Amino acid sequence: MQYKRFALTAVIAATAMGAANAATEIQWWHSMTAVNNEWVNDLAKQFNESQSEYKVVPTFKGAYDESMTAAIAAFRSGNAPHILQVFEVGTATMMASKGATVPVGKVMADAGAKFDPSSYIPAVAGYYTAPNGQMLSFPFNSSTTVFYYNKDAFKKAGLDAEKAPKTWPEVFAAAKKLKAAGVSCPMTTSWQGWTQLESFSTWHNVEFATHGNGMGKDGHKARLKLNSPLHVKHINNLAEAAKAGDFVYKGRGSVPDASFVSGECAMTFASSSSYGNVAKNAKFDYGISNLPYYPDAKGAPQNTVIGGASLWAMAGKKAQEYKGVAKFFEFLSKPEIQASSHQRTGYLPVTMDSFKMTEASGFYQKNPGTDVAVNQMIRKVTDNSRGVRLGNYVQIRTIEDEELEQVWAGKQSGKQALDNIVKRGDELLARFERANGGK
């Protein structure tokens with residue numbers, strides 16, 4: 001009997017010790033798929049194996065807009081994750097969600113974690129920083145728009161495969177030659193609003209929206225300006241190319257990426273983060289280059305802006321759990337982790353140290369074009385090219401898709417589409433202003 005009592009006591013003691021030593025779980029909701037989902041899981045595994053106090057649990061929660069909606073609903077019911085990955089167009093909405101998040105600067109300071117916002121590429125840090133200078137979310141998978149082209153298809157069409165078209169007139173001319181050589185899809189684009197309107201605007205140093213594209217002090221008062229003569233000219237040129245079969249619309253978001261990787265489309269404008277997929281799955285020789293520009297546009301080329309997403313710390317968690325979040329962010333900030341992630345995925349190395357580390361390793365020499373994304377981003381920015389941070393922008397992006405699809409289908413002109421986007425988008429911006437202190 002005494003032996004049984006001793007054994008039971010030992011079991012209870014061991015159980016209590018196990019509970020005391022159990023790692024604090026940190027729930028991380030994300031929207032990464034395919035090769036990038038593998039990357040996210042590997043990052044969590046690497047962090048978890050590097051220490052025993054915390055365990056990061058990554059969970060795929062659908063596309064960016066779906067995970068954001070799910071997290072806000074979960075926050076209201078008290079079940080939000082500790083960390084939420086939010087795409088850049090959701091930033092203004094998250095900034096306006098009072099009480100739902102804790103600024104990353106505060107999370108790091110409270111935990112005594114090492115965190116230096118000035119170590120980040122300025123265009124990246126600035127995007128996720130409030131007008132008062134406080135960094136609100138953690139830069140994670142920042143990307144930008146780049147130009148991919150199929151070198152094999154270029155050779156077949158008699159084009160110089162080692163020299164990507166630098167201007168839009170050269171791109172349209174190349175598309176015609178590709179079409180004549182039998183390429184069914186000479187050119188397409190992913191994320192059409194981001195690539196052909198937002199990045200197009202900053203690259204050409206033209207205003208996309210008032211108040212510094214929403215990045216200024218009174219950013220909540222911003223209104224759209226994307227129906228300028230240059231914008232109209234560009235969308236009409238793409239419409240003409242669509243009519244001739246030189247430009248083929250392949251769908252919204254990242255859906256068109258597959259058409260380039262498969263070899264069907266010879267040129268595309270897509271996220272630098274497509275690199276991992278292209279490098280792994282493309283069965284042809286490819287090139288990565290700067291975005292094209294109109295040579296008669298004053299100030300072009302300027303710089304591109306970030307896409308991708310950042311990590312937000314959700315409110316309502318315990319101090320010990322926030323320490324785990326800070327520890328994980330500290331791990332992600334290490335130059336060697338940043339450099340490895342950049343080289344694997346095509347996302348930007350968000351710190352200058354990781355960029356220099358990658359450069360010193362010879363990676364850019366061995367993989368030509370992989371430095372394009374960074375070089376497009378680190379130029380001196382202007383008020384027109386700092387970024388685009390607008391309220392209700394998830395819905396505005398949908399409006400852009402709807403109106404541009406009517407252009408590619410030949411049902412309306414570029415000017416009609418852009419005027420409609422401005423009218424419909426400004427209604428959503430006015431609603432956002434009213435909800436966030438505007439009169």
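Values in this document were obtained by computation on a predicted structure and should not be read as measured data.
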Might you confirm whether atom CD of Gln365 has over 12 heavy atoms from other residues, nucleotides or ligands at distances under 6.0 Å?
-> no
With respect to Tyr347, which candidate in Tyr275, Phe140, Trp39 satisfies the ring-ring contact (aromatic ring centres under 6.0 Å, His included) definition?
-> Trp39
Exercise: identify the closest heavy-atom pair between Thr304 and Thr202 = CA-OG1, 3.7 Å
Assess whether salt bridge (charged side-chain N to carboxylate O under 4.0 Å, His left out) is satisfied between Glu49 and Lys45, documenting all intermediate values.
-> CA-CA 6 Å; Glu49 289 174 351; Lys45 184 170 181 283; 3.1 Å; yes
Smallest separation among heavy atoms of Val248 and Ser184, with atom names = CG2-O, 3.9 Å
Charged N to carboxylate O below 4.0 Å: is that the case for Arg389 and Glu88?
-> no
Kindly assign one of parallel, tilted or perpendicular to the pair Tyr294 and His204, based on the angle between their ring planes and the thresholds 30° and 60°.
-> tilted
Test item: side-chain donor near acceptor, Ser273 and Ser143, under 3.5 Å | no
Among Thr345, Ile306, Val146, Thr145, find the residue that satisfies the side-chain contact (heavy atoms from CB on, under 4.5 Å) test when tested with Ser272.
-> Val146
Please state whether the rings of Trp191 and Trp194 are parallel, tilted or perpendicular, taking 30° and 60° as the class boundaries.
-> perpendicular
Can you say whether the rings of Phe154 and Tyr149 are parallel (under 30°), tilted (30 to 60°) or perpendicular (over 60°)?
-> tilted
If you take all heavy atoms of Val374 and Tyr364, which pair is closest and at what distance?
-> CG2-OH, 4.1 Å
On a heavy-atom basis, the closest approach of Val102 and Ala315 is CG2-CA, 3.9 Å
Decide yes or no for Met187 and Phe172: does some side-chain heavy atom of the first lie under 4.5 Å from some side-chain heavy atom of the second?
-> yes
Pair Glu403 + Lys423: basic N to acidic O under 4.0 Å = no
Is it true that Asp65 and Arg397 have a side-chain N and a carboxylate O under 4.0 angstrom from each other?
-> no
In sequence, state the C-alpha distance, the side-chain angles, and the governing distance for Arg223 and Glu433, and then conclude on salt bridge (charged side-chain N to carboxylate O under 4.0 Å, His left out).
-> CA-CA 10 Å; Arg223 296 294 186 269; Glu433 182 187 356; 2.7 Å; yes
Distance-minimising heavy-atom pair for Ile399 and Gly425 | CD1-N, 4.2 Å
